[in-house]
Amino acid sequence: MMQAISPPSPLKLLVPTRPRLAPVTPNKLILHCIYRSDSVQLPNGVGSSRADWQSSCAILASKVVSQEQPTDKSSEDSRGADHVAAVNGHKASIDLGLVPLNKGSSDGHSNNKKPTKSLSITDLSPAPMHGSQLRVAYQGVPGAYSEAAAGKAYPNCEAIPCDQFDVVFQAVELWIADRAVLPAENSLGGSIHRNYDLLLRHNLHIVGEVQFPVHHCLLALPGVRKEYITRVISHPQALAQCELTLTELGLHAVREAVDDTAGAAEYIASNNLRNTAAIASARAAELYGLQILADGIQDDKSNVTRFLMLAREPIIPRTDRPFKTSIVFAHDKGTSVLFKVLSAFAFRNINLTKIESRPHRDCPIRLVDDASAGTAKHFEYMFYLDFEASMAEVRAQNALAEVQEFTSFLRVLGSYPMDMTPWCPSRSD
Ligand SMILES: O=C(O)C(=O)C[C@]1(C(=O)O)C=C[C@@H](O)C=C1
């Protein structure tokens, strides 16, 4: 059997974060960044370098009425962040509240060289300024699927474990990490809602995606038999993905949710729990010295989780490979706007790959009074949409210009290369 190793302890949240969602003002556009296409010349005739492009973002963003001015709360947040010198021994390289969105060409990243080679999934945004290995933050402990996804997205990166999703965002905002890798949705378990909410509260940009086949195992201490198991622990997504198979295995066990799959395995090993099994990866079994009681226990062999990669800076959108763009929008007149928004994409033959709605936390309920019938209480939503086009394409820019007219809030979360790696769903297929 493999020797169990002691993995690094995950980053913990030391500063409480408050939501950074900008107030949504009816009929005012909040567009963080409009990407320019090479075929669309801005009035000042900017070139195609990153510096020019960032300046264009600044110019365009300054033309819209920005609601991103920090509220009292968000300035408190920035102060809180500035006070953090280190998290678990990882030093923040510079003081940083929020990453400025409208950077001009004078920032440290800018240079006037045109990109000499095309972007790839492993080269999704500028190289780290510290000049060493790319540091990628993920939620969980070593052996988590998020760690493996980080390795797929950025081979040879230094993966930095964090104990909460919020900490993953903070690690990048505080320059402890260069990228974040976060699960967004699973083919069986659905969306990881927490991360959709966090995307809106933080100002990181989506710079890529990876789709990662998730192959679950049932793990227990060496020598433990299935019949002894009275409790199965794992991440709620993993429990959901194995629901039917756990029943079929004939386990008479309660299911309990913990923060991550590999953390469940580590917990069993460190507490010598002989009545508890974990749902986690084969790598977690190896790392924490557990045996595999059952292999491939996900309810469907083609169990895939889609992860998003985030960075402080957006990438330059391209047209020479398939790109996806993610947006989030809201409207103060309720959900009736949805049909109009969707038609902006349908008329341009732009394929939608994902739609998600989340509670509008700033304004969760809209009251509609009807003198004769009483008061209707409508829930309000933020809508997240992914579509298959690059922001460098005119049709995508036009679609968004149209969407902007129907919505009171619109933000481009990122325009990034689609994961087009060949389909290979499960090791056992
Ligand atoms: O717990 C882990 O190992 C994770 O990486 C988290 C996570 C998730 O949040 O969806 C990632 C992939 C699997 O779908 C199960 C769990």
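Indexing begins at 1, ligand by ligand and atom by atom, following the structure's order. Only a predicted model underlies this, so the values are computations on that prediction, with no experimental measurement involved.
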Can we say Glu185 and Lys354 salt-bridge, meaning some charged N sits less than 4.0 Å from an Asp/Glu carboxylate O?
-> yes
Axial cation check for Tyr228 ring with Arg274, 6.0 Å and 45° limits = no
Sequence-distant partners of His216, side-chain hydrogen bond (donor to acceptor under 3.5 Å, both in side chains), two or more places apart = Tyr145, Gln241
Below 4.0 angstrom, N of the basic side chain to O of the carboxylate: do Lys324 and Asp386 qualify?
-> no
All side-chain hydrogen bond (donor to acceptor under 3.5 Å, both in side chains) counterparts of Glu405, not counting sequence neighbours | none
Near ligand 1, which protein residues have a heavy atom under 4.0 Å away?
-> Ala144, Tyr145, Ser146, Pro183, Asn186, Ile192, His235, Gln237, Gln241, Asp260, Thr261, Thr305, Phe307
Asn398: partners by side-chain hydrogen bond (donor to acceptor under 3.5 Å, both in side chains), with sequence neighbours left out = none
